[in-house]
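Scope of the values below: all heavy atoms of this structure, side chains included, with no hydrogens, waters or symmetry mates.
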Amino acid sequence: MVLCAELPTPAPGGGALRAVRLAGGAMNRMKVDEEEYWHSSKCKAFTFDDDDDELSQLKESKRAVNSLRDIVDDDDDLEKFSWSGEPVGSISWSIKETASSSSNAPEGRDSGLQKGSSSHVAFPKQASSYSISSFFKGRNKFGSFQSLSDALSDTGVKSYAPELRRPKAEYKDYSSDWSPKDTVRRMQRGKICSLERFRSLQEKLMLLDEAVAVHDGNVITAILIFLKRTLKREILFQELEVRQVALRHLIHFLKETGEQKLLLDLLRFLDRTEEVALSRYREHLSIQEAEKRREFLKGCIRLPFSSEDAVHVQDHYTLLERQIIIEANDRHLEASGQSEIFRKYPRKASILNMPLVTTLFYSCFYHYTEAEGTFSSPTNLKKTFKIPDKQYVLTALAARAKLRAWHDVDALLTTKNWLGYTKKRAPIGFHRVVEILQRNSAPVQVLQEYVRLVEDVETRLNLAMKYKCHDVVIDTYRDLKDRHQLMAYRCKVERGSAEEDKIDSILSNLQIRWKN
């Protein structure tokens with residue numbers, strides 16, 4: 001270490017000797033300071049004196065802290081703060097205390113195990129400063145208040161912040177003794193309510209009446225399911241007989257769920273014979289095999305249907321019986337290749353379990369020329385099932401037009417009176433005949449024949465122009481004696497065509513008295 005000091009200028013004579021002595025004294029003090037610095041140390045050697053022991057200092061500080069409790073009274077108005085500055089016992093403090101205790105617990109256990117394995121020194125367990133009574137009263141043995149998280153962490157119970165707990169009202173759904181009215185109200189709000197506690201018949205009926213009173217179908221259905229499971233059938237049926245709203249809900253529920261046996265028992269109890277028959281008849285939809293379905297329908301004929309429904313059930317059985325016969329015969333003809341129409345137009349699907357109109361179309365397509373005495377004859381089907389003329393003509397026309405059998409179409413629409421005169425007649429209207437023929441690519445000559453038969457003039461002209469039936473348009477304007485429309489239509493036909501020549505011939509006819 002080098003010290004630089006500004007020495008005063010020596011005075012002449014004795015002053016010089018004094019200056020030399022001062023400088024020598026300063027140098028000696030510097031050497032002593034350096035030796036004390038290098039030979040000193042903050043670490044002390046071992047000593048048997050207890051006053052210098054750190055353990056004794058720790059005990060003294062603990063006594064000082066405990067003595068403060070005698071000086072300061074535990075008042076409720078005294079607010080405590082943690083090292084982070086947050087009030088002790090607050091929600092944020094409790095959350096942090098819970099998180100730190102749960103995260104440090106495994107580390108503490110691991111470190112404790114490691115220390116226990118490396119050292120054989122056993123420390124006595126420190127007695128807890130909390131008692132059971134103080135846990136509920138909020139004070140410890142020393143009389144100071146403690147927070148909820150402190151008490152739970154000391155007892156080893158996992159704690160949660162108060163705002164993270166479930167509301168107490170939710171626990172009442174399972175434990176409280178709700179009345180029927182309150183139970184229905186809670187079910188309306190979507191709460192989970194146990195109905196098992198309603199054990200007596202009176203309570204169950206009160207529950208059902210309350211559900212009916214609020215007009216909530218979901219709640220009524222839920223309670224009916226509960227009653228169906230917990231009551232005998234006879235008792236349930238008797239009580240529902242005087243509660244028509246609940247009865248209708250149960251009948252609809254049984255139909256939707258397919259519980260046919262219970263539904264039939266209920267309808268028989270209510271003496272609703274026709275509904276019993278219809279419910280029984282509806283079961284045929286689940287039978288896929290044709291032979292089994294026919295036998296089932298045969299048994300349904302004897303059920304107590306109404307007069308109108310009994311006719312439909314009988315026709316259904318008869319139709320299925322004929323379909324089975326026609327299907328077996330046509331399958332054989334198609335496999336043998338003996339029939340030309342089956343070779344030219346192979347079948348795409350089976351006729352079994354098809355509606356009556358589909359069966360009639362099938363018969364008109366494959367068996368149109370057969371005699372009336374055969375089961376597959378269209379006229380036989382029309383007579384047996386009393387098919388109206390309009391439905392028969394519409395179906396037969398579609399089938400024969402698809403085969404482009406125009407002669408059959410003409411014969412279908414031709415009738416004879418008692419004098420032997422023939423006349424075209426279409427129960428469905430000739431405008432629909434024209435549309436069906438056009439969809440099946442009928443030639444213009446065939447279309448013109450039936451367009452002329454349309455009675456309404458405007459409809460006739462629209463169809464004739466739409467399907468380019470020029471002769472029909474020209475003849476209609478001639479009959480109307482409309483010279484201007486005829487001259488305007490002349491510009492729409494091809495130049496030099498037969499239609500143009502025909503228009504010129506009509507316009508030059510002097511015998512026609514034109515309106516314009």
Side-chain angles (χ1 to χ4, degrees), residues 345 355-369 372 377-383 385-482 484-486 488-490 492-494 497-500 502-503 506 512 515:
Y345 302 98
L356 178 59
V357 176
T358 306
T359 306
L360 178 62
F361 182 89
Y362 179 89
S363 298
C364 293
F365 193 91
Y366 290 106
H367 306 282
Y368 188 73
T369 58
E372 185 179 345
S377 171
T379 54
N380 190 303
L381 290 174
K382 177 187 176 183
K383 183 178 180 180
F385 298 101
K386 299 178 182 179
I387 300 175
D389 290 341
K390 185 180 291 187
Q391 182 67 60
Y392 177 80
V393 170
L394 181 63
T395 306
L397 178 64
R400 302 318 294 173
K402 192 174 184 65
L403 290 173
R404 303 176 64 85
W406 311 124
H407 295 289
D408 294 337
V409 172
D410 185 73
L412 178 67
L413 300 175
T414 303
T415 59
K416 289 184 179 182
N417 58 12
W418 59 279
L419 294 176
Y421 295 102
T422 60
K423 182 182 178 180
K424 299 291 185 181
R425 177 177 175 272
I428 61 175
F430 283 104
H431 63 285
R432 296 193 65 185
V433 173
V434 173
E435 293 174 355
I436 293 173
L437 295 179
Q438 193 276 332
R439 285 200 301 266
N440 290 277
S441 304
V444 178
Q445 293 79 9
V446 176
L447 287 177
Q448 286 186 154
E449 181 180 358
Y450 296 101
V451 171
R452 293 178 189 275
L453 298 175
V454 177
E455 295 182 0
D456 185 70
V457 177
E458 186 176 357
T459 304
R460 186 196 314 158
L461 286 172
N462 291 333
L463 290 174
M465 292 180 182
K466 182 178 180 180
Y467 301 130
K468 297 182 179 181
C469 300
H470 301 299
D471 289 343
V472 177
V473 178
I474 296 171
D475 294 341
T476 302
Y477 285 144
R478 182 197 61 188
D479 296 338
L480 293 175
K481 298 179 182 181
D482 194 339
H484 292 315
Q485 291 293 340
L486 189 60
Y489 193 74
R490 182 179 181 275
K492 298 179 181 180
V493 298
E494 296 182 4
S497 62
E499 289 80 10
E500 186 180 22
K502 184 176 181 178
I503 294 174
I506 294 174
I512 301 176
K515 292 183 179 180

Closest non-hydrogen atom pair between [X] and [Y], with its separation:
X	Y	value
I428	K390	CG2-CG, 3.5 Å
K382	D389	NZ-OD1, 2.9 Å
C364	R400	O-NH1, 2.8 Å
C469	V451	SG-CG2, 4.3 Å
E494	S497	O-OG, 2.7 Å

>> Among L381, V357, L412, exactly one meets side chain to side chain contact (heavy atoms under 4.5 Å, CB included) together with Y392. Which residue is that?
In response: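 Considering L381, V357, L412, a side chain to side chain contact (heavy atoms under 4.5 Å, CB included) with Y392 is found only for L412.
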> Salt bridge or not for K502 and D475, using N-O below 4.0 Å?
Replying inline: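 Answer for the salt bridge query: yes.
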Roughly how far, to the nearest 0.5 Å, is [atom2] of [Y] from [atom1] of [X]?
X	Y	atom1	atom2	answer
T476	L480	OG1	CG	6.5 Å
F365	L360	CZ	CG	13.5 Å
K466	L461	NZ	CG	14.5 Å
I474	D479	CD1	CG	12.0 Å
F430	L453	CZ	CG	4.5 Å
L437	Y467	CG	OH	10.0 Å

Under a 4.5 Å cut-off applied to non-hydrogen side-chain atoms, are [X] and [Y] in contact?
X	Y	answer
D471	E499	yes
V393	L413	yes
K402	F361	yes
R460	V472	yes
R432	L394	yes
N440	I436	yes
Q438	L447	yes
Y368	L403	no

> Going through the distances and angles, do K423 and N417 end up as a side-chain contact (heavy atoms from CB on, under 4.5 Å)?
Replying inline: CA-CA 8 Å; K423 182 182 178 180; N417 58 12; over 6 Å; no
> If we ignore angles and hydrogens, is there a donor and acceptor under 3.5 Å between the side chains of H470 and Y489?
Replying inline: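 Their side chains do contain a donor-acceptor pair, which is all the 3.5 Å distance test asks for.
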>> Does either side chain, that of D456 or that of T459, offer a donor lying less than 3.5 Å from an acceptor on the other one?
In response: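 Indeed, the side chains of D456 and T459 share at least one donor-acceptor pair under 3.5 Å.
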> Can you check whether A398's main-chain N or O pairs, donor with acceptor, with R439's side chain at less than 3.5 Å?
Replying inline: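 Such a contact is absent between R439 side chain and A398 backbone.
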> Does the ring pair (Phe, Tyr, Trp, His ring centres under 6.0 Å) test come out yes or no for Y345 and Y366, once each step is laid out?
Replying inline: CA-CA 9 Å; Y345 302 98; Y366 290 106; 7.8 Å; no
>> Please determine whether side-chain contact (heavy atoms from CB on, under 4.5 Å) holds for the pair V433 and L397, giving the CA-CA distance in whole Å, both sets of side-chain angles, and the decisive distance to 0.1 Å.
In response: CA-CA 8 Å; V433 173; L397 178 64; 4.0 Å; yes
